[in-house]
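Worksheet: the structure to be examined is printed underneath.
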Amino acid sequence: MSNPRTSILLIDDHTILREGYQRLLESAGFDVIGQADNADEGYKAFVKLQPDVCIVDLTMPGKSGLECIHRICLHSKNARVLVCSMHDETTLAMRAMELGAIGYITKSCSSDVFIDAVKSVADKNHYLAPDIAYSIAMEKHLKTDQKLRALSHQEFAIFNMLAKGMSIEEMSKGLSLSPKTVSNYKTNMMRKLDTTKLVDIIFLAQKIGLITPPNH
């Protein structure tokens, strides 16, 4: 059984959701020790607070939740990260798991599933929401989205930033890489995706739920 005082860090840009999570978690015997509303602050809070479990959203202003997961798991190989996202796309779920998350649920899940997932991740067990697990199993058989999965972590980060309209200089600063290195990653990324058009990058990012289409 999970320790009833398992400490939790919430990383999500929606204040109302964080407050709802906190009430639900505390009523189940967990201890919410911190909150953050973006990837950078979430990583800093993780380093400072050393929570037992991080609950991370994927779509946030600035750096994505995927980048946050990557930094957290690089900092601590024992990090226990549960993704709670509005997106049920298998590409994002598999990318999150590849970066070190050990759980993935959607925000449409029931409170019982949410608590079960937190308990499982706290006990260092993997947890996938049933619909996500089924979709991943089906997609592995169908072998779709192979081009996206062929991207390296840095290439995927640039794919994400480019889709959000960031310039080479902004990506360079955000990733702590030289503009030339970013340009090389961008070239390789677009070659792997077989496109030279920004509109294709934006459409693909919208398709997998990494960015939200206008007027939604």
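If you're wondering where the values come from, they're calculated on a predicted model, not measured in any experiment.
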What closest approach, in Å, do His70 and Leu99 show between heavy atoms, and which atom pair accounts for it? ND1-CD2, 3.7 Å
Can you find a pair of side-chain heavy atoms, one from Ile72 and one from Val81, that are under 4.5 Å apart? yes
So, Asp123 side chain and Asn125 main chain: donor-acceptor pair closer than 3.5 Å or not? no
Are any of the side-chain heavy atoms of Leu10 and Leu25 separated by less than 4.5 Å? yes
Rounded to the nearest 0.5 Å, the CD1 atom of Ile33 sits from the CD atom of Gln35 at a distance of 11.5 Å
Side-chain heavy atoms of Val83 within contact of Asp57, under 4.5 Å: no
On a heavy-atom basis, the closest approach of Glu170 and Gly165 is OE1-O, 4.2 Å
When rounded to the nearest 0.5 Å, the distance separating OG of Ser85 from OH of Tyr104 is 4.0 Å
With a 4.5 Å limit on heavy-atom distance, are the side chains of Ile115 and Leu24 in contact? yes
Closest contact, heavy atoms only, Cys73 versus Ala101: SG-N, 4.4 Å
One pair to check against side-chain contact (heavy atoms from CB on, under 4.5 Å): Lys192 and Glu155. What are the steps and the verdict? CA-CA 10 Å; Lys192 288 181 180 180; Glu155 289 165 352; 2.8 Å; yes
In terms of heavy-atom contacts, Ala39 and Met60 come closest through N-CE, 3.9 Å
Scanning both residues in full, the closest heavy-atom pair of Pro61 with Asn38 reads O-CB, 4.3 Å
Asp200, Leu193, Ile201 screened by side chain to side chain contact (heavy atoms under 4.5 Å, CB included) with Lys197, the one that passes: Asp200
Got a list of side-chain donor-acceptor pairs under 3.5 Å for residues 43-54, not counting sequence neighbours?
residue: Gln50; atom: NE2; partner: Phe46; partner atom: O; Å: 3.2
residue: Gln50; atom: NE2; partner: Val47; partner atom: O; Å: 3.1
residue: Asp52; atom: OD2; partner: Ser7; partner atom: N; Å: 2.8
residue: Asp52; atom: OD2; partner: Ser7; partner atom: OG; Å: 3.1

Hey, any chance Leu204 and Leu198 share a hydrophobic cluster, counting ILVMFWY side chains that come within less than 4.5 Å of each other, even indirectly? yes
Is any side-chain heavy atom of Leu9 less than 4.5 Å from a side-chain heavy atom of Ile55? no
Determine the minimum heavy-atom distance between Gly42 and Cys68, stating which atoms define it. C-SG, 4.5 Å
Under the side-chain hydrogen bond (donor to acceptor under 3.5 Å, both in side chains) criterion, do Thr59 and His87 qualify, and how do the steps go? CA-CA 9 Å; Thr59 306; His87 305 299; 3.0 Å; yes
side-chain contact (heavy atoms from CB on, under 4.5 Å) assessment of Thr6 paired with Lys119: CA-CA 9 Å; Thr6 297; Lys119 288 179 178 178; over 6 Å; no
Tell me, please, which residues at least two apart from Thr106 pass side-chain hydrogen bond (donor to acceptor under 3.5 Å, both in side chains). Ser108
Results of ring-ring contact (aromatic ring centres under 6.0 Å, His included) for Phe159 - residues two or more places apart only: Phe156
Counting only N and O atoms by type, is there a donor-acceptor contact under 3.5 Å from the side chain of Ser27 to the main-chain atoms of Arg23? yes
Criterion side-chain contact (heavy atoms from CB on, under 4.5 Å) on Asp12 and Val56, from CA distance to verdict: CA-CA 6 Å; Asp12 191 302; Val56 183; over 6 Å; no
In sequence, state the C-alpha distance, the side-chain angles, and the governing distance for Met161 and Val182, and then conclude on side-chain contact (heavy atoms from CB on, under 4.5 Å). CA-CA 11 Å; Met161 291 178 169; Val182 169; over 6 Å; no
Using modelled atom types and a 3.5 Å cut-off, is there a donor and acceptor pairing between side-chain atoms of Lys124 and backbone atoms of Arg80? no
If we only count heavy atoms from C-beta on, is the Leu58 to Leu66 side-chain gap below 4.5 Å? yes
Residues forming a side-chain hydrogen bond (donor to acceptor under 3.5 Å, both in side chains) with Glu19, sequence neighbours excluded: none
Does the side chain of His153 pick up a donor-acceptor pair with the side chain of Glu98 at under 3.5 Å? no
Side chains of Tyr127 and Val113: does their closest heavy-atom pair fall under 4.5 Å? yes
Using side-chain hydrogen bond (donor to acceptor under 3.5 Å, both in side chains) as the criterion, list what pairs up with Ser111, not counting sequence neighbours. none
Distance col, row Gln22:CD vs Leu17:CG, nearest 0.5 angstrom, shows 13.0 Å
Ser183 OG to Ile168 CD1 distance, which is reported to the nearest 0.5 Å: 4.0 Å
With Lys63 via side-chain hydrogen bond (donor to acceptor under 3.5 Å, both in side chains) - residues at least two apart: Asp40
Distance (rounded to the nearest 0.5 Å) between Arg5 CZ and Phe30 CZ: 10.5 Å
Between Lys164 (side chain) and Gly62 (backbone), is there a donor-acceptor pair under 3.5 Å? yes
Looking at CZ of Arg95 and CG of Asn160, how far apart are the two atoms once the value is rounded to the nearest 0.5 Å? 10.5 Å
Can you find a pair of side-chain heavy atoms, one from Leu151 and one from Ile158, that are under 4.5 Å apart? no
